[in-house]
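Structure incoming, see below.
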Amino acid sequence: MPELPEVETVRRTLAPLWVGRMVQTVEIKRPDFVRLAPPGSKLKALGKGSTVTEILRLGKQMAVCFDDGRAVHLHLGMSGQVFVVPAGGSPERADHVHIRWKLDNGSSILFRDPRRFGGVWAFASIDELHRQRWNALGPDALAISTADLRLGLGRSTRAIKACLLDQTVLAGVGNIYADEALFLAGLDPHTPAADLAPAQTRQLASAIRSVLRAAVAARGSTLRDFMDAEMRSGSQQSRFRVYSRAGKPCRRCGRVLLGSTVSQRTTTHCPACQPRKRP
DNA sequence: CCTTAATCCTGGAAGC
DNA sequence: TGCTTCCAGGATTAAG
């Protein structure tokens with residue numbers, strides 16, 4: 001479920017609870033949830049005996065960095081949750097917990113993911129993490145510049161929404177915030193990217209930044225199961241202007257919002273506020 | 001290049 | 001109540 005604002009919310013709530021703490025033990029309940037580490041070395045690769053120095057984020061991806069140089073890449077997929085269980089406490093949900101890090105203060109970090117589209121990748125260094133994963137991603141969407149967006153779109157004829165969902169174009173936008181940003185920019189999601197006028201690309205970059213900033217400020221959106229590292233929900237879902245509102249009136253003009261499909265993803269837009277470009 | 005469909009999974013909601 | 005079907009915040013792969 002998580003897009004950039006939700007992952008950033010997890011990062012911000014997780015960092016104060018994990019950074020500076022030493023991992024005493026790692027419990028791997030589902031070995032196939034961990035990739036790129038020789039089976040015997042997995043516990044050490046996942047941080048056993050090491051102290052967390054920082055937690056990074058690029059787009060929807062997180063990385064936990066350790067004082068021995070290792071980096072563990074976390075991807076939440078559709079249903080992933082990473083949260084803390086305080087010393088002496090017990091998790092609200094213990095099913096589908098695939099990994100548990102026990103820290104030197106008695107607390108635990110749990111990675112829970114019912115659908116298992118997420119996962120954990122262990123790397124020997126941050127360089128290796130970049131080479132194998134993060135270098136393939138576009139610039140972070142939270143600060144996307146007009147120039148970088150224009151570069152990412154190139155002369156592509158794909159629907160603009162398909163481009164926004166493409167993590168190699170820019171990293172962090174998913175189905176919710178793609179619809180929201182296109183509404184704010186006044187663009188039909190089906191518009192071929194190459195048809196955008198320079199001013200429209202500028203408006204779109206600005207819309208992406210402001211939609212994501214607002215969602216981060218609201219601590220993300222909880223549709224069903226998103227929770228931050230302290231098991232609190234986000235609140236941005238109550239402010240959606242188009243996402244999941246097909247058939248309902250536009251909050252700006254009152255027209256009925258249209259549902260469609262782009263890149264096999266449910267899409268909603270306002271035919272009046274987001275007109276198809278004149279041929 | 002582009003698009004579509006299928007795939008990996010579980011579980012909640014809607015329909016009958 | 002119970003059973004079936006569809007749908008979901010993501011991302012990759014193969015096929016056309």
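Chain letters run A, B, ... following the sequence lines, proteins first and then strands; every chain starts at 1.
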Taking T222(A) for the side chain and R224(A) for the main chain, is one N or O donor matched with an acceptor at less than 3.5 Å? no

Roughly how many Å is it from CG in L153(A) to C1' in dC2(B), rounded to a whole number? 16 Å

Go through dG10(C), dA8(C), dA11(C) for me and flag the one nearest to the R115(A) side chain.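 Among the listed nucleotides, the one closest to the side chain of R115(A) is dA8(C).
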
Within this structure, what is the CH2-to-P distance between W121(A) and dG10(C), rounded to whole angstrom?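 Roughly 15 Å, once rounded to whole Å.
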
Grab the CE-C1' distance between M62(A) and dG10(C) for me, whole Å please. 14 Å

Counterpart base for dG10(C), defined by Watson-Crick or G-U wobble contacts under 3.5 Å: dC8(B)

Aromatic contact, F33(A) with F111(A) (centres under 6.0 Å): yes

Pick the P atom in dC6(C) and in dA6(B), then give their distance to the nearest Å. 13 Å

Counting side-chain heavy atoms from CB outward, which of dA11(C), dG12(B), dG10(C) is closest to R265(A)?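 Nucleotide nearest to R265(A)'s side chain: dG10(C).
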
Phosphate contact (dT7(B) OP1 or OP2) by Q264(A) side-chain N/O below 4.0 Å: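 No, Q264(A) has no side-chain N/O under 4.0 Å of OP1/OP2 on dT7(B).
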
When you measure from the centre of the six-membered ring of F183(A), is the NZ or CZ of R252(A) closer than 6.0 Å and no more than 45° off the axis? yes

Gap between atoms CZ and C1', on R133(A) and dT12(C) respectively (whole Å):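 Going from CZ in R133(A) over to C1' in dT12(C) covers 10 Å.
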
Could you check whether Q61(A) gets within reach of a base, just the sugar-phosphate, or nothing at all, counting any heavy atom under 4.0 Å?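 Touches sugar-phosphate only.
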
Does H96(A) have a side-chain nitrogen or oxygen under 4.0 Å from the phosphate oxygens OP1 or OP2 of dC9(B)?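 The answer is no; no side-chain N or O of H96(A) sits under 4.0 Å from OP1 or OP2.
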
Mind calculating the distance between CD1 (I160(A)) and C1' (dC2(B)) to the nearest angstrom? 15 Å

Any side-chain N or O of R158(A) less than 4.0 Å from the OP1 or OP2 oxygen of dT3(B)? yes

Going by atom types alone, do Y177(A) and E6(A) pair a side-chain donor with an acceptor below 3.5 Å? yes

How would you label the contact of A159(A) with the nucleic acid (heavy atoms, under 4.0 Å): base, sugar-phosphate, or nothing?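 If one applies the 4.0 Å heavy-atom cut-off, A159(A) turns out to touch the sugar-phosphate alone, with no base involved.
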
Nucleotide nearest T157(A) (side chain, heavy atoms from C-beta), chosen from dA8(C), dC2(B), dT10(B):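 So the side chain of T157(A) is nearest to dC2(B).
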
Expressed as a whole number of angstroms, how long is the span from Y243(A):OH to dC7(C):C1'?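 The answer, rounded to whole Å, is 10 Å.
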
Stacking of F117(A) on dC8(B) base (centres under 5.5 Å, planes under 30°):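 One would call F117(A) stacked on the dC8(B) base.
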
Any S156(A) side-chain N or O less than 4.0 Å from OP1/OP2 of dC2(B):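 Checking S156(A) against dC2(B): at least one side-chain N or O falls below 4.0 Å of OP1 or OP2.
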
For D225(A) and dG10(C), what is the distance between atoms CG and P respectively, to the nearest whole Å? 12 Å

Please confirm whether the shortest side-chain N or O distance from T266(A) to OP1 or OP2 of dA8(C) is below 4.0 Å.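 True: T266(A) side-chain N/O within range (under 4.0 Å) of dA8(C) OP1/OP2.
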
Which residue lies more 5' along DNA chain B, comparing R93(A) with S263(A) via nearest heavy atoms: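 Its nearest nucleotide lies further toward 5', so the answer is S263(A).
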
DNA chain B: R112(A) or R155(A), which has the more 5' nearest nucleotide? R155(A)

Write down the distance between CG (D113(A)) and C1' (dG11(B)), rounded to a whole number of angstrom.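 These atoms are roughly 13 Å apart.
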
For T168(A) and D166(A), does a side-chain donor sit closer than 3.5 Å to a side-chain acceptor?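 Checked: T168(A)/D166(A) side chains pair up, N/O donor to acceptor below 3.5 Å.
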
Using only heavy-atom distances, determine whether the side chains of Q274(A) and H269(A) contain a donor-acceptor pair under 3.5 Å.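 No pair is found: no donor N or O on one side chain lies under 3.5 Å from an acceptor on the other.
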
Consider the side chain of E3(A), meaning its heavy atoms from C-beta on, and name the nucleotide among dA11(C), dG10(C), dC2(B) that approaches it most closely. dG10(C)

